[in-house]
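Note that this is a predicted model, so its numbers are computed, not measured.
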Amino acid sequence: MIRFSLHCDKDHEFEGWFGSSADFDGQSERGLIECPLCGSRKVGKALMAPAVAVSRETQTRPLAMDPEKRDMMRKLRDMVQAVKQNSEDVGDRFADEARKIHHGEAEVRGIIGQASSDDARSLIEEGIEIAPLPEFPEDLS
């Protein structure tokens, strides 16, 4: 999976995960990508710095954010917590369970778990809607 920094025509910034750059391009052309803040489908890739390995100490340092972004991050963190609390954690059986639910072989319910990038790509190609859940540092203050 590839993580892209994205922005909409209203200057909202967010990120998205795709199987490849071609997956982003195809979904964008079909109007399947929209801004989570305003719903705009005029979304493009933002300039990104390459991922660089850093020490654990650096990774746990707090990020400075303006109050509006901090509030948005708190709301997103609360949403992720609500999803986790109202979903069954199926662990590494995620891809199999998602397929069973999609094909009516298991009860419809919210599930979370782990999937390899190949499994995630395969689920998306099969038309099964999935999304990665972001992880947050414990303290955003």
Side-chain angles (χ1 to χ4, degrees), residues 1-56 58-141:
M1 299 296 281
I2 300 171
R3 178 177 52 108
F4 288 116
S5 291
L6 304 173
H7 62 89
C8 74
D9 61 333
K10 307 250 187 318
D11 291 328
H12 296 128
E13 296 178 4
F14 54 100
E15 67 180 40
W17 291 81
F18 300 88
S20 67
S21 184
D23 285 347
F24 169 82
D25 294 337
Q27 290 181 37
S28 181
E29 288 171 8
R30 293 189 313 249
L32 299 176
I33 303 170
E34 66 180 44
C35 175
L37 300 173
C38 69
S40 172
R41 291 195 173 155
K42 293 180 181 176
V43 174
K45 295 179 199 171
L47 184 61
M48 291 179 50
V52 178
V54 294
S55 72
R56 287 190 183 272
T58 303
Q59 290 176 346
T60 60
R61 291 192 348 220
L63 300 173
M65 285 187 245
D66 63 53
E68 183 180 325
K69 285 185 180 177
R70 185 174 28 249
D71 185 50
M72 183 175 58
M73 291 295 288
R74 280 200 176 107
K75 288 177 183 175
L76 184 58
R77 184 173 64 176
D78 291 346
M79 184 220 40
V80 169
Q81 284 295 58
V83 168
K84 288 180 178 181
Q85 290 172 354
N86 294 294
S87 299
E88 179 184 345
D89 189 343
V90 295
D92 60 2
R93 297 179 297 116
F94 180 82
D96 292 332
E97 285 297 314
R99 283 188 180 93
K100 287 178 185 177
I101 293 169
H102 183 73
H103 295 296
E105 299 167 2
E107 68 179 280
V108 176
R109 66 200 190 282
I111 61 171
I112 59 173
Q114 297 82 40
S116 69
S117 56
D118 287 339
D119 282 339
R121 184 176 302 112
S122 179
L123 289 168
I124 292 168
E125 288 170 357
E126 292 175 42
I128 300 171
E129 294 183 14
I130 62 169
L133 283 178
E135 293 191 23
F136 297 94
E138 290 301 312
D139 183 22
L140 288 175
S141 57

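One finds the CG atom of L32 at 7.5 Å from the CZ atom of R41 (value rounded to the nearest 0.5 Å). Rounding to the nearest 0.5 Å places CD1 of I128 at 5.0 Å from NE2 of H103. Distance CD/Q114 to CG/D119: 11.5 Å, rounded to 0.5 Å. Atom CD in E107 sits 7.5 Å away from atom CD1 in I101 (nearest 0.5 Å). Note: H7 NE2 to K42 NZ = 13.5 Å, rounded to the nearest 0.5 Å. Between atom CD of residue Q81 and atom CG of residue N86 there is a gap of 11.0 Å, rounded to the nearest 0.5 Å.
Under the rule for a salt bridge (Lys or Arg N to Asp or Glu O under 4.0 Å), the partners of R109 that lie at least two apart in sequence or sit in another chain are E88, E97. Shown here are the salt bridge (Lys or Arg N to Asp or Glu O under 4.0 Å) partners of D71, two or more places apart in sequence or in another chain: K75. In this view, D118 and R121 satisfy the salt bridge (Lys or Arg N to Asp or Glu O under 4.0 Å) rule, not counting sequence neighbours.
In this structure the side chain of C35 never reaches within 4.5 angstrom of the side chain of K10, judged on heavy atoms. Side-chain atoms of S122 and R99, non-hydrogen and from C-beta on, do get closer than 4.5 Å to each other. K45 places a side-chain heavy atom less than 4.5 Å from the side chain of D25. Proximity of V43 to F14: side-chain heavy atoms (C-beta onward) are separated by under 4.5 Å at one or more points. Inter-residue side-chain proximity for L123 and F94 is flagged as met; some heavy-atom pair is nearer than 4.5 Å.
Taking both residues in full, the closest heavy atoms of S20 and F4 are given as O-CE1, 4.2 Å, listed atom of the first, atom of the second, then distance. Shown here for I111 and V90, the closest heavy-atom pair between the two residues is CG2-CG1, 4.1 Å. Heavy-atom minimum distance, S28 versus I33: N-CD1, 3.7 Å. Nearest heavy-atom pair, E13 versus K69, reported as atom, atom and distance to 0.1 Å: OE1-NZ, 4.3 Å. Between A115 and A120, the shortest heavy-atom distance links the atoms CB-N, 4.4 Å. Minimum interatomic distance between D9 and S40 (heavy atoms only, all atoms of both residues): OD1-OG, 2.6 Å.
Within 6.0 Å of the CD atom in E105, the count of heavy atoms belonging to other residues, nucleotides or ligands exceeds 12.
Remark: the backbone N or O of V83 is paired with a side-chain donor or acceptor of S87 at under 3.5 angstrom.
Ring geometry for F24 versus F18: interplanar angle over 60°, hence perpendicular rather than tilted (30 to 60°).
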